[in-house]
Amino acid sequence: MLSGIGAIEQPASSDVSASAETTLIVAARAGDVRAFEQLYKLHVGRVLGICLRMTHRRDLAEDCTQLTFVRAWRNLGAFEGRSAFSTWLHRIAVNEVLTYTRNHGTRLEAETQGVDDAHLDQESTDQGTAPPGSPDTGEVMDVERALATLPEGSRHVVVLQTIYGYSHEEVAEMLGIAVGTCKAQLHRGRRMLRERLGLGEFEP
Amino acid sequence: MNQRLRDPLDRALGSLPRDVAPQRDLWSQIEADIAASPRPLQDSAGPNNVAEFPSNEPARRSGFQSRWLQLAAGLLLIVGSSFATWVVVQRSVDQKVLQAQQATVQQMQPVLNAMPASFGGNEVLGASYQKARADLSAEFERRVAKLPPVTRARLERDLADLRRAANQVAATLGEHPNDPLLQQLLLSTYQSELALLGSLNNVSTTVVGADL
């Protein structure tokens with residue numbers, strides 16, 4: 001008997017969407033390219049966001065995004081649903097960025113133009129629809145530029161943890177570093193960001 | 001207020017959009033690359049630690065690949081159809097009547113929440129689920145009988161499709177009881193069934209006066 005009776009949220013469209021995603025994954029695993037295209041459409045924005053913030057180069061981020069989905073396709077047979085599909089995909093994306101960095105031997109040159117362009121595109125889309133109190137594009141670009149100036153190690157940790165919500169353990173595993181290193185990089189990155197954005201130390 | 005929301009740095013970082021739209025068409029190149037790649041099940045243990053859990057029965061897997069495809073394709077259609085029905089039904093909800101029914105809906109919540117959290121290898125549905133399902137089914141049948149014929153037929157067809165799909169997945173799961181994705185698929189199917197059963201609880205029969 002099923003002994004583990006857990007709570008789920010009220011059945012809603014999100015549940016149906018989760019069902020649909022699972023179904024798409026199963027179909028893609030069986031070789032259905034159209035199902036995989038639907039998965040691509042669901043996840044490309046988040047994957048590109050991660051790659052862009054880790055590389056700060058749009059051309060490279062888009063290349064890494066393509067490689068991520070190609071690798072995901074090739075390895076779908078290994079995905080058994082024990083973690084969220086998005087987490088699995090993001091781990092591949094991080095791998096692609098790190099592989100590029102390793103293969104090219106140098107640190108990626110910080111370039112914010114690609115990120116700025118993304119925000120300008122978003123602004124033209126959002127014009128007149130943004131809720132009151134939303135940060136304007138200029139403020140968002142300031143944060144992106146400050147992020148781009150961080151040392152690579154700290155930037156990766158800040159991006160994955162603070163922006164994309166992964167835990168210390170998950171980030172450490174994704175980046176192949178110790179949890180302690182992850183915490184130190186996060187602390188360092190946040191301190192530098194505060195300085196660069198002119199924000200004082202926060203005291204709760 | 002949440003401490004993270006009060007910290008100006010967290011607020012600033014939280015203001016960044018998480019998704020970024022591509023500026024060029026990325027899919028066509030991906031599609032070209034995967035067309036030249038082996039199909040997913042033939043290459044299950046990938047490099048760079050992306051093999052989440054290496055399969056220990058590759059031969060058996062490739063053997064029932066076509067079954068997967070059939071199940072997935074069928075379920076995709078059914079879930080899509082059920083979702084469409086769900087959306088149409090939800091849109092017919094009269095807000096005032098909905099408020100008046102809130103107490104009833106809240107009473108049904110514990111039933112809807114009594115869902116299995118996970119499936120083990122040889123586990124079957126628990127008593128709580130069976131009771132929830134029976135209660136919802138009875139309520140569904142009572143309410144659906146009052147609906148116009150076309151709406152009723154559509155809901156009953158979706159429900160029958162979902163139950164047939166659940167039976168097919170359950171049968172396949174019986175042959176491969178330790179496949180987590182198949183377990184998840186079955187759970188999703190049961191959840192879709194409960195969602196469809198529960199959807200009518202939010203709808204006043206008085207407002208669904210016309211066929212959907």
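Because the structure is a prediction, the values reported are computed rather than measured.
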(message) To the closest 0.5 Å, what do you measure between CZ (Arg24(B)) and CD (Gln66(A))?
(response) 5.0 Å

(message) For Asp142(A), which atoms come within 4.5 Å of any heavy atom of chain B: side chain, backbone, both, or neither?
(response) neither

(request) Evaluate the side-chain proximity of Val20(B) to Cys51(A): yes if any heavy-atom separation is below 4.5 Å, no if none is. (result) no

(request) Give the minimum heavy-atom separation between Leu193(A) and Leu9(B), together with the two atoms involved. (result) CB-CD1, 3.9 Å

(message) Testing the basics here: between Tyr164(A) and Pro17(B), what is the closest heavy-atom pair and its distance to 0.1 Å?
(response) OH-O, 4.5 Å

(request) Answer yes or no: is there a side-chain heavy-atom contact under 4.5 Å between Arg71(A) and Ile34(B)? (result) no

(message) The test is salt bridge (charged side-chain N to carboxylate O under 4.0 Å, His left out); show your working for Arg190(A) and Asp10(B) and say whether it passes.
(response) CA-CA 9 Å; Arg190(A) 290 177 65 89; Asp10(B) 284 322; 2.9 Å; yes

(message) Rounded to the nearest 0.5 Å, what separates atom OG in Ser28(B) from atom CD in Glu37(A)?
(response) 10.0 Å

(request) For the residue pair Glu62(A) and Gln29(B), establish whether any side-chain heavy-atom pair is separated by less than 4.5 Å. (result) no

(message) So for Val158(A), is it side chain, backbone, both, or neither that comes closer than 4.5 Å to the heavy atoms of chain B?
(response) side chain

(request) Answer yes or no: is there a side-chain heavy-atom contact under 4.5 Å between Arg53(A) and Leu16(B)? (result) yes

(message) Rounded to the nearest 0.5 Å, what separates atom CZ in Phe36(A) from atom CD1 in Ile30(B)?
(response) 7.0 Å

(request) For the pair Arg194(A) and Asp7(B), find out whether any cationic side-chain nitrogen is under 4.0 Å from an anionic carboxylate oxygen. (result) yes

(message) What I'd like to find out is whether the side chain of Trp27(B) reaches to under 4.5 Å of the side chain of Val44(A), using heavy atoms alone.
(response) no

(message) Is Leu98(A) in contact with chain B via its backbone, its side chain, both, or neither, using a 4.5 Å heavy-atom distance?
(response) neither

(message) Given heavy-atom pairs under 4.5 angstrom as the criterion, report whether the side chain, backbone, both or neither of Arg196(A) touches chain B.
(response) neither

(message) Which one wins on heavy-atom pair count under 4.5 Å against chain B: Gly165(A), Ala146(A), Gly49(A)?
(response) Gly49(A)

(request) Measure the CZ-CG distance between Arg18(B) and Leu48(A) for me, rounded to the nearest 0.5 Å. (result) 15.5 Å

